[in-house]
Amino acid sequence: MHRSLVALLLVACSRPSPPPASPPVADSAPHVVAAVPIDAAPDAFVTPSCVDDGKPYDEQALRARLAHLASPELDGRAPGTDGDRAARAFIAERFRCLGLTPAGDDGFAQPLTANGAATANLVGYVPGTSSTDIIVVGAHHDHVGDKHLGANDNASGVVALLAVAQAVRQHGPARRAIAFVAFGGEEGGLLGSLHFVAHPPAALPLERVVQYINLDMVGSHKAQHGVAAFGAFPGFASTKHLVANQRKYPRTNVWLGGHSVRGDQVGFCKQRIPYVFFWTPDDRCYHETCDTADRIDYPRMVDIAALAGDLVLGLADDTADLAAARARTGCGRSM
Ligand SMILES: [Zn+2]
């Protein structure tokens, strides 16, 4: 055992303090950091994990996260505001404690300018075990601000994305890499996702992305008793997994197929990447000040998150050649 590991174990256990002659290894956090072997990932020792802090699709946990993101304090998370920064810090902290590998320019952050305001995408991933393919899951974190709190649009998608990330980490490694991206600047014209597609992180080259999954407004199933899964066309791998899993959620109606030309999937579709865009129509409060946390259809939002997670893991371990499928079909636009 590495000598510094012994020191760490002394720190970790509630043993009596070492004799006074010993170096003071146990009295403050900086010493713990210094004791980490240089060939180990420091976060494995100093970062508390939240991978197992609950079930991934626990309704109360998702409610609490949504309540924070859609709180009056964050005031609708418009790019460049304190609320935007608070939302990004919250998401980055969750990415970090879930053990995602940072893939931004600065940790998880991929900075960008949205109509003159400084904001960022947040990018992290779980490496694959036996494939170079990548599945990307995205949800935009911004909204329009100024008392428009954006609970459905799109705090709902962000909490669904975080739930899927936790499910993936609890599941353990899959064949394909799975990347999670919280986009900024969507409301200003898909700015974060277009920036991502124009400047993909070195670890996530677009030519290896075989599927994009978009989560935007997944909290209003009750408005029209259904959730769209745009982009899930007959014969697509995504459709196979959705059909196989949707019976697990009998109270959630899934409408398969159709194209959407609005949303963060657009840039991916232009790169001929198949997508599934989960979206529930909101009859009344779309971009209105009544898009608040109390209107969210939580049980169905949790179902949609879980179905998205089933889809992600199903695709990540699918033995089919998804790169060949992408090359053949693109996103289905020309079909
Ligand atoms: Zn949106």
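Residue numbers count from 1 along this sequence. Whatever order the structure lists them in is the order used to number ligands and atoms, beginning at 1. Model, not experiment: these values are computed from the prediction.
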Peer 1: May I ask you to check whether His141 and Phe90 place their ring centres under 6.0 Å from each other?
Peer 2: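 Centroid separation for Phe90 and His141: 6.0 Å or greater.
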Peer 1: Can you count the protein N, O or S atoms that lie less than 2.8 Å from the Zn ion (ligand 1)?
Peer 2: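 For the Zn ion (ligand 1), protein nitrogen, oxygen or sulfur atoms under 2.8 Å: 4.
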Peer 1: Can you run down the ring pair (Phe, Tyr, Trp, His ring centres under 6.0 Å) pairs that involve residues 311-332, sequence neighbours left out, and say none if there aren't any?
Peer 2: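 Residue pairs with at least one partner in residues 311-332: there are none.
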Peer 1: Going by the salt bridge (charged side-chain N to carboxylate O under 4.0 Å, His left out) test, which pairs reach into residues 160-181, not counting sequence neighbours?
Peer 2: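 Output for this query lists Asp133-Arg176.
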Peer 1: Can Gln110 and His199 be counted as having a side-chain donor-acceptor contact under 3.5 angstrom?
Peer 2: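 No donor-acceptor contact under 3.5 Å links the two side chains.
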Peer 1: I want to know whether Tyr275 and Tyr212 have ring centres closer than 6.0 Å.
Peer 2: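 Between Tyr212 and Tyr275, which both carry aromatic rings, the centre distance is not below 6.0 Å.
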Peer 1: Show every salt bridge (charged side-chain N to carboxylate O under 4.0 Å, His left out) that has at least one partner inside residues 200-226, sequence neighbours left out.
Peer 2: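 Qualifying pairs, neighbours excluded: none.
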